[in-house]
Structure formats: structure tokens, C-alpha cells
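Given the structure is predicted, the values throughout are model-derived calculations rather than measurements.
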Amino acid sequence: LTVLDTSALIDGRVTAVLESNFLGGRVLLPQVVLYELQRIADAGDPARRRRGRRGLEVVEGLEKRLGGDLELVHDGY
């Protein structure tokens with residue numbers, strides 16, 4: 001079981017780690033992490049906005065690669 005956080009998604013290396021099967025099982029993505037990435041992607045600072053968009057692109061790629069093994073966790077945020 002793997003739980004993703006904002007910094008892992010912005011960094012982007014988590015994709016390679018998951019593809020190498022180093023971590024097995026389901027991958028959980030807390031809803032609050034998506035909200036935080038969206039907030040960063042909407043920031044006024046161009047560098048911050050770029051990092052947020054990169055994180056959202058990583059999520060999109062993981063959805064395509066992992067399918068049902070990526071689970072969005074609705075945490076009541």
C-alpha cells in the first residue's frame with residue numbers, strides 16, 4: 001500500500017518507482033492532495049504554478065498507468 005503526497009507528485013520520480021514495481025499493491029491518493037495541487041497550479045507565481053501543473057500531470061499519468069490500482073480517498077476535506 002502506497003499513499004501519495006503533494007511533494008512526491010510534484011517531484012515526479014514516484015512514477016518511475018511505481019513502474020519498477022518497487023512498491024506493490026494499491027496506491028492511495030488523498031483528495032486533499034489533489035486540492036493542494038490545484039491550489040498550487042492556480043498560484044500567481046509562475047514557478048509555483050509550474051510545479052502544481054507538473055504534479056497534476058503526474059496524477060493523470062498514474063491514472064492511465066495504474067487504472068484501478070490508484071484509489072482516490074475522499075477524506076472529507
Seminar exercise, completed: residues 2-19 vs side chain to side chain donor-acceptor pair (under 3.5 Å), sequence neighbours excluded, gives D5-S7, T6-E36, D11-R13, E19-R65
Exercise. So, do L62 and L4 sit near enough that their side-chain heavy atoms are less than 4.5 Å apart?
Worked result: yes
For this session: Apply the test side chain to side chain contact (heavy atoms under 4.5 Å, CB included) to residues V59 and E63: give CA-CA distance (whole Å), side-chain angles for both, the deciding distance (0.1 Å), then the verdict.
Result: CA-CA 6 Å; V59 169; E63 287 175 334; 4.2 Å; yes
For this session: Could you list all the salt bridge (charged side-chain N to carboxylate O under 4.0 Å, His left out) pairs where at least one residue sits in residues 43-62, not counting sequence neighbours?
Result: E60-K64
Problem set entry | Close side-chain approach of I10 and I40, heavy atoms under 4.5 Å | yes
Seminar exercise, completed: Distance col, row L70:CG vs L29:CG, nearest 0.5 angstrom, shows 5.5 Å
Seminar exercise, completed: Contacts satisfying salt bridge (charged side-chain N to carboxylate O under 4.0 Å, His left out) that involve residues 25-35 (not counting sequence neighbours) are R26-E71
Exercise. Just how far is it from atom CG of L56 to atom CG of L34, taken to the nearest 0.5 Å?
Worked result: 7.0 Å
